[in-house]
Chemist: 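One structure, as structure tokens, below. Some questions next.
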Number of protein chains: 2
Amino acid sequence: MAAPKLLLVEDDPALAELLEYRFQAEGYAVRTTADGDEALILADEDAPDLVILDWMIEGTSGIEVCRRLRRDKATAHVPIIMLTAREAEDDRVRGLETGADDYVTKPFSPRELLARVSAVLRRVRPALAGEMLEVGDLKLDPVAHRVERRGNQLSVGPTEYRLLKFFMESPGRVFSRGQLLDGVWGTGSEIEERTVDVHIRRLRKAITVGTAPDPIRTVRSAGYALEAV
Amino acid sequence: MAAPKLLLVEDDPALAELLEYRFQAEGYAVRTTADGDEALILADEDAPDLVILDWMIEGTSGIEVCRRLRRDKATAHVPIIMLTAREAEDDRVRGLETGADDYVTKPFSPRELLARVSAVLRRVRPALAGEMLEVGDLKLDPVAHRVERRGNQLSVGPTEYRLLKFFMESPGRVFSRGQLLDGVWGTGSEIEERTVDVHIRRLRKAITVGTAPDPIRTVRSAGYALEAV
DNA sequence: CATGTTTGTCGTAAAGCTGTAATATCCATG
DNA sequence: CATGGATATTACAGCTTTACGACAAACATG
């Protein structure tokens, strides 16, 4: 999973450093600036997945930064979480009206901000919040019903799709043909165990990309497993 | 524009009445209940566009209501704003982790809650807020009821329009015929699933412009999805 | 009320998928 | 290296799902 890219705009050095540290520890790629104008430049260079924006910063004000981010097509849909003083209800309302997605009032705990960032990302970019299955170079998006390998869209039939999804939910684990029949075809299916072989073959064929190695391992007299390649 | 449907779950009668009044004045269709179990029933009968959920209610707790809404496929994607006591940071974090989209801490002003509701709806259901929907080269203006593609004005029938709008609110996502019937025709419609095919074909025909590719993807034995082309 | 549009359903054609069986190949072991 | 057991591959007939065209009823519109 690519690390979600955050842009942190905060002019209190102590708070900025604390947050940067915490977010990096959680697997986010963080860039930080104390200045509104610089924030706009950074956001324009490489659009972040989410902006955390202190409302009271030097230079261009938070509200103005928010408005300009929304106006620029490249960043119009990047979610923004603003940090405001507890008392300033007006700021909060104005921020939401300007197009901020959320606010967190100071003082807040890093844990709360983390939960909020993760909630927003989950909503806006499900793929970034881990609703996507990844095993080695295989990616499966259950919402879009898509499978991709090394950037190539794969065309996978219904049964092969279910089979692959089943494997990807337990990477590395060996399943017997009986277990696969139960898990993929449904308990009590009246299907020949040998038929599994055929679908494994079809799946292997479907996920072949160039010279990439076969990620499905045959375990003689036991079953099959999907390996992270 | 159809009035956005809110479900308000609040057991303080005074607050409930106040909010109901304010939201109706702003053009929302509000249903109110004080009880968690009843909330689930109401939400299931007719999925609201947004739920405002007090964390401390009688009967089933707020967190449980939230979890169950998320678990039911029909309401899994309905945004939830929770109302919490100011001090209870744990509740807020837990709420966000459970799948709530936002929280507002008590006491709050109705104006702030209004701003937040509108912000959430704008983000999750842009069409409800009158914003332009864009997916690939398709543009849909919910206010003017117009659809255009690559500069060409398209002529789209009523049902096809609703269908397209529904798709454009969740680009890339695959919907089963049943989900489409619920979302576009309304819950509990007594229509043949095969009929969806026909409307898909009509929609495909309506959005054909020159040699532009078909943005509607058929996912065999699963449904259809609109792709950003 | 006449006219054109929209809507849901059918029947059929076309496309795609599935399970099985027959055959070839692989592999561990004596 | 021969052998028995297990897996791989191929072909195919039957089945399921989707696309398409046509139609009558319902609806809207002037």
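Note on naming: letters A, B, ... go to the chains in the order of the sequence lines (proteins, then strands), and numbering restarts at 1 for each one. From a predicted model like this one, the values you see are computed outputs, not experimental measurements.
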Chemist: Check the distance between dC20(D)'s P and I200(B)'s CD1 and give it to me in whole angstrom.
Modeler: 12 Å

Chemist: Apply salt bridge (Lys or Arg N to Asp or Glu O under 4.0 Å) to the pair R68(B) and E64(B), showing each step before the final yes or no.
Modeler: CA-CA 6 Å; R68(B) 290 209 207 154; E64(B) 187 57 27; 3.2 Å; yes

Chemist: Would you mind building the protein contact string for nucleotides 14-24 of chain C? One character per nucleotide, 5' to 3', B for base within reach (heavy atoms under 4.0 Å), S for sugar-phosphate only, - for untouched.
Modeler: -BSSBBBB---

Chemist: In whole Å, what is the span from the CD1 atom of I216(B) to the P atom of dC20(D)?
Modeler: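 After rounding, the gap between these two atoms is 12 Å.
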
Chemist: Hey, could you give me each pair passing side chain to side chain donor-acceptor pair (under 3.5 Å) that has a residue in residues 5-27 of chain B? Not counting sequence neighbours.
Modeler: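 Listed by first then second residue: K5(B)-D46(B), E20(B)-T32(B).
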
Chemist: Using five base pairs at each end, measure the axis-to-axis angle across the helix from dC1(C)-dG30(D) to dG30(C)-dC1(D) and round it to 10 degrees.
Modeler: 40°

Chemist: Toward the 5' end of DNA chain D, which comes first, Y224(A) or Y224(B), by nearest nucleotide?
Modeler: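 With Y224(A) and Y224(B) compared, the 5'-side residue is Y224(A).
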
Chemist: Quick one: is R177(A) getting a side-chain N or O under 4.0 Å of the dT7(D) phosphate, OP1 or OP2?
Modeler: yes

Chemist: Who pairs with D101(B) by salt bridge (Lys or Arg N to Asp or Glu O under 4.0 Å), at least two apart in sequence or on another chain?
Modeler: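 With neighbours one apart ignored, the set is R123(A), R70(B).
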
Chemist: L180(B) CG to dG8(C) P: how many Å, rounded?
Modeler: 13 Å

Chemist: Applying salt bridge (Lys or Arg N to Asp or Glu O under 4.0 Å), can you list everything that pairs with R149(B), at least two apart in sequence or on another chain?
Modeler: D137(B)

Chemist: Check residues 220-229 of chain A and write down every donor-acceptor pair under 3.5 Å in which the side-chain atom is one partner and the other belongs to a residue at least two apart or another chain.
Modeler:
unit_1	atom_1	unit_2	atom_2	d
Y224(A)	OH	R177(A)	NH2	3.1
E227(A)	OE2	R217(A)	NE	2.7
E227(A)	OE2	R217(A)	NH2	2.9

Chemist: What is the distance from CZ of R201(B) to C1' of dT7(C), rounded to the nearest Å?
Modeler: 13 Å

Chemist: Starting at atom CG of L203(A), determine the distance to atom C1' of dA8(D), rounded to an integer number of angstrom.
Modeler: 14 Å

Chemist: Between K205(A) and S221(B), just flag the one whose closest nucleotide in DNA chain D comes earlier from the 5' side.
Modeler: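 Its nucleotide being nearer the 5' end, the pick is K205(A).
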
Chemist: Can you tell me the distance, in whole Å, between the CZ atom of R204(B) and the C1' atom of dA19(D)?
Modeler: 8 Å

Chemist: What residues form a salt bridge (Lys or Arg N to Asp or Glu O under 4.0 Å) with D44(B), not counting sequence neighbours?
Modeler: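 Salt bridge (Lys or Arg N to Asp or Glu O under 4.0 Å) list for D44(B), sorted by chain: empty.
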
Chemist: Quick one, Y161(A) and S155(A) - any side-chain contact, counting heavy atoms below 4.5 Å?
Modeler: no

Chemist: Sort and list the pairs that fulfil ring-ring contact (aromatic ring centres under 6.0 Å, His included) and have at least one residue in residues 176-204 of chain A, not counting sequence neighbours.
Modeler: W185(A)-H199(A)

Chemist: Once salt bridge (Lys or Arg N to Asp or Glu O under 4.0 Å) is applied, do any residues pair with R194(A), and if so which ones, sequence neighbours excluded?
Modeler: D197(A)

